[in-house]
Amino acid sequence: MKFKLIAEYFDKLEKISSRIQLTSLLSELFKDTDKEVLDKVVYLIQGRLWPDFKGLPEIGMGEKFLVKAIAMAFGQKEDEIDKLYKNIGDLGEVVFTIKNKSKAVNILSFIGNPNESGELEVNEVYNELVKIATSTGEGSRDVKIRTFTGLIKKATPLEAKYLVRFVEGRLRLGIGDATVLDALAITFGGSTDYRPIIERAYNLRADLGDIAKIISTEGPEKLKNISPTPGIPIRPMLAERLSDPNEIMEKMKGKALVDYKYDGERAQIHRKGDQVYIFSRRMENITDQYIDIIDYVKQNIVGDNFIIEGEIVPVDPQSSEMRPFQELMHRRRKNDINEAIKEYPVNLFLFDLMLFNDEDYTIRPLLERREILEKSLKENDKVHMASYIIADNVDKLREYFYQAISDGAEGVMVKSIGPDSIYQAGSRGWLWIKLKKDYQSEMADTVDLVVVGAFYGKGKRGGKFSSLLMAAYNPERDIFETVCKVASGFSDQELDDLQKKIESIKREERHPRVSSEMVPDVWVTPSLVAEIIGAEITISPLHTCCKGDRGGLSIRFPRFIRWRDDKGPEDATTNQEIMEMYSKQLKRVEEKPVDENI
Ligand code: ATP
């Protein structure tokens, strides 16, 4: 299959203005794609070479490198390329322009350029990109530059443009997993009716390329038999939130398992023979950061084929008391992992089991899963079961909540123990409900919102981005709906970093998956997620979240708390959750809080 075709689709995809067109164009691309390379094409359109969980390097060729490679490819000076880059502002466009010009010259001089005939194959491009990503050590710089120069020389102007953007990490078409799933359902199942089957398979085996290849070569029915596989992450099950213990117990039909909600890093731990893998909440491979956990797991969990889940929590090296989550960041920053382990020790608190001895436990009720987990764990001072009780009334829940807080937990996770209490991979539902410490604010909880645009500041902050247009995720329509404009809470350092962050994702037009009535100074591809707290949720004519006749929902006095690098845009707070928070707030005003301490 020719890479030219992909480049042409990239060009069309970039110009599209609605989610529906995006899906149907993607589906056309899948139809035109050879089955053998469909997995690679799926990765490429998402701007990567492989799924994050493989823990393999991404390309990330810096600008300097690229300018050198482009200069070499065209026999020009680096200064000239730099100058063009300054004028045009996009290295992809720079190569496109130069290639187009040289093409015209070649045609005029009747020479023709045999290297520019669009003969690049997808496999060839992919393999060369892999070579660039994986070459390390001495001499790797030259290998990278030479390999990329070779590609650029052979490419058509359009191919070269997208190759440069890809290698720069700027191929941000903003095509989320949901769009890919819809397009796969249409292409290989005939309609989006097939989406639930494909989605379930993807939830249990979160490798989109792999799922695409299976469906294209073996048909959608094959996906029905897919089960979790050690080494490939499962999409995590997520919790709803409520702030009233009475309501929680009602939802749980009077009885539930109540776990401490630990404030650490979620870890999905896989064991396949001698291999142990640890995946983060975002399904990134974090095994290398926790080599101590690998040992704990090997020593303390019986069995060599399982997938379990827990929270990694920093603890005080002397007292073993739980420490704040931020300590994990310090640990990550240390270069020497052995020193980091000593200085910032961690404990593991286990709360679920999804696979054991090749048996899929995601379809079993919670108590059954916990029983197997408990039996296979040799409890010790490093690895523990999450502290829990079975509560059958509100008082027990409330008491346990206070105990959790005083032990340094964030609150509790209340979990259904009914016959249908399966592990709902990849979805946020009422089988798990979180009850957290109240924040000193009228809004009962923070929200995680996606940046969709940015505004320049005035006065002291003139010329710099100083406020962000933030949106919630609407999973039904797979779009982002605006909720607020956030300008406060950033430290000076965070404001400085913001400039770079926005520059790297800015785009000329509104992204087709963004619904907004406000027009920011610059639009961006939805990719960054930030945690935001506000005074309250109100109705506003300016925002599109849950928009109805009276307006949309918006957050008053929003304040930036921190970046949520562990979340992708589709993990952001949903429009439905904002609506639920709004109704709760109304109820609180009308009825006064049921329990003012929570
Ligand atoms: P938050 O923003 O509140 O951390 P989230 O959106 O990351 O939440 P939720 O499902 O809403 O994810 O909250 C559950 C998170 O709490 C999990 O991702 C997990 O990391 C953490 N956690 C701590 N203790 C437990 C537990 N006992 N059971 C399940 N999750 C737990």
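For the single chain, residues carry numbers from 1 onward in sequence order. Ligands are counted one by one from 1 in listed order, and the atoms in each one are counted from 1 as well.
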K.L.:
Under 3.5 Å, N or O to N or O, is Ala239 touching ligand 1 that way?
P.N.:
yes

K.L.:
Tell me the protein heavy atom at minimum distance from atom 22 (N) of ligand 1, and give that distance in Å.
P.N.:
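Minimum-distance protein heavy atom for atom 22 (N) of ligand 1 reads Glu311 OE1, 3.5 Å.
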
K.L.:
For atom 31 (C) of ligand 1, what's the nearest protein heavy-atom neighbour? Residue, atom name and distance, please.
P.N.:
Phe351 CE2, 3.7 Å

K.L.:
Write out the residue and atom name of the closest protein heavy atom to atom 24 (N) of ligand 1, then the distance separating them to 0.1 Å.
P.N.:
Tyr262 N, 3.0 Å

K.L.:
Starting from atom 12 (O) of ligand 1, locate the nearest protein heavy atom and write down its residue, its atom name and how far away it is, to 0.1 Å.
P.N.:
Arg281 NH2, 3.7 Å

K.L.:
Can you tell me the protein heavy atom closest to atom 9 (P) of ligand 1 and the distance?
P.N.:
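Heavy-atom neighbour on the protein nearest atom 9 (P) of ligand 1: Lys434 NZ, 3.7 Å.
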
K.L.:
So, do Asp182 and Arg19 sit near enough that their side-chain heavy atoms are less than 4.5 Å apart?
P.N.:
yes

K.L.:
Looking at ligand 1, is there an atom of it that comes within less than 4.0 Å of some heavy atom belonging to Glu410?
P.N.:
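So Glu410 does not count as touching ligand 1.
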
K.L.:
With heavy-atom distances below 4.5 Å as the criterion, would you say the side chains of Lys261 and Lys436 are in contact?
P.N.:
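In contact.
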
K.L.:
Mark yes or no for whether Asp263, through its side chain, and Ala409, through its backbone, hold a donor-acceptor pair below 3.5 Å.
P.N.:
no

K.L.:
Hey, is the main chain of Phe465 close enough, under 3.5 Å, to the side chain of Ser467 for a donor-acceptor pair?
P.N.:
no

K.L.:
Strictly under 4.0 Å, does any heavy atom of Glu309 approach an atom of ligand 1?
P.N.:
no

K.L.:
Report the residue from Tyr202, Trp50, Tyr43 that forms a side chain to side chain donor-acceptor pair (under 3.5 Å) with Asp207.
P.N.:
Tyr43

K.L.:
With respect to atom 2 (O) of ligand 1, which of Lys261, Arg564, Glu531, Met413 exhibits the smallest heavy-atom separation?
P.N.:
Arg564

K.L.:
Look at the aromatic rings of Tyr361 and Phe356 and report parallel, tilted or perpendicular, splitting at 30° and 60°.
P.N.:
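Aromatic pair Tyr361/Phe356 classed perpendicular.
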
K.L.:
Are there over 12 heavy-atom neighbours, none belonging to Lys298, within less than 6.0 Å of that residue's NZ?
P.N.:
yes

K.L.:
Just need the protein heavy atom nearest to atom 27 (N) of ligand 1, so name the residue and atom and give the distance.
P.N.:
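In this structure, atom 27 (N) of ligand 1 has Tyr260 O, 3.0 Å as its nearest protein heavy atom.
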
K.L.:
Is Leu238 touching ligand 1 with its side chain, its backbone, both, or neither, if touching means heavy atoms under 4.0 Å apart?
P.N.:
both

K.L.:
At what distance is the nearest protein heavy atom to atom 6 (O) of ligand 1, and which residue and atom is it?
P.N.:
Lys567 NZ, 2.7 Å

K.L.:
Has Gln268 got a side-chain atom pairing as donor or acceptor with Ile234's backbone, closer than 3.5 angstrom?
P.N.:
yes

K.L.:
Starting from the C-alpha separation in whole Å, work towards a yes-or-no answer on salt bridge (charged side-chain N to carboxylate O under 4.0 Å, His left out) for Lys375 and Glu371.
P.N.:
CA-CA 6 Å; Lys375 269 194 195 148; Glu371 196 188 324; 3.3 Å; yes

K.L.:
Return yes if some donor-acceptor pair links the side-chain N/O of Thr229 with the main-chain N/O of Ile232 below 3.5 Å, else return no.
P.N.:
no

K.L.:
With a 4.0 Å heavy-atom cut-off (strictly under), which part of Glu265 contacts ligand 1: side chain, backbone, both or neither?
P.N.:
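Glu265 to ligand 1: no contact under 4.0 Å from either part.
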
K.L.:
If you have a sec, work out which protein heavy atom is nearest atom 28 (N) of ligand 1 and how many Å separate them, to one decimal?
P.N.:
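For this ligand atom, the closest protein heavy atom is Lys415 NZ, 2.8 Å.
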
K.L.:
Would you check whether Lys436 has a nitrogen or oxygen atom less than 3.5 angstrom from a nitrogen or oxygen atom of ligand 1?
P.N.:
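Yes, there is a polar N/O contact under 3.5 Å.
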
K.L.:
Does Arg398 count as lying over the ring of Phe401, i.e. NZ or CZ under 6.0 Å from the six-ring centre, within 45 degrees of the axis?
P.N.:
no

K.L.:
So for Glu240, does at least one of its heavy atoms come nearer than 4.0 angstrom to any atom of ligand 1?
P.N.:
no

K.L.:
May I ask whether Trp432 has any heavy atom positioned less than 4.0 angstrom from an atom of ligand 1?
P.N.:
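True for this residue.
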
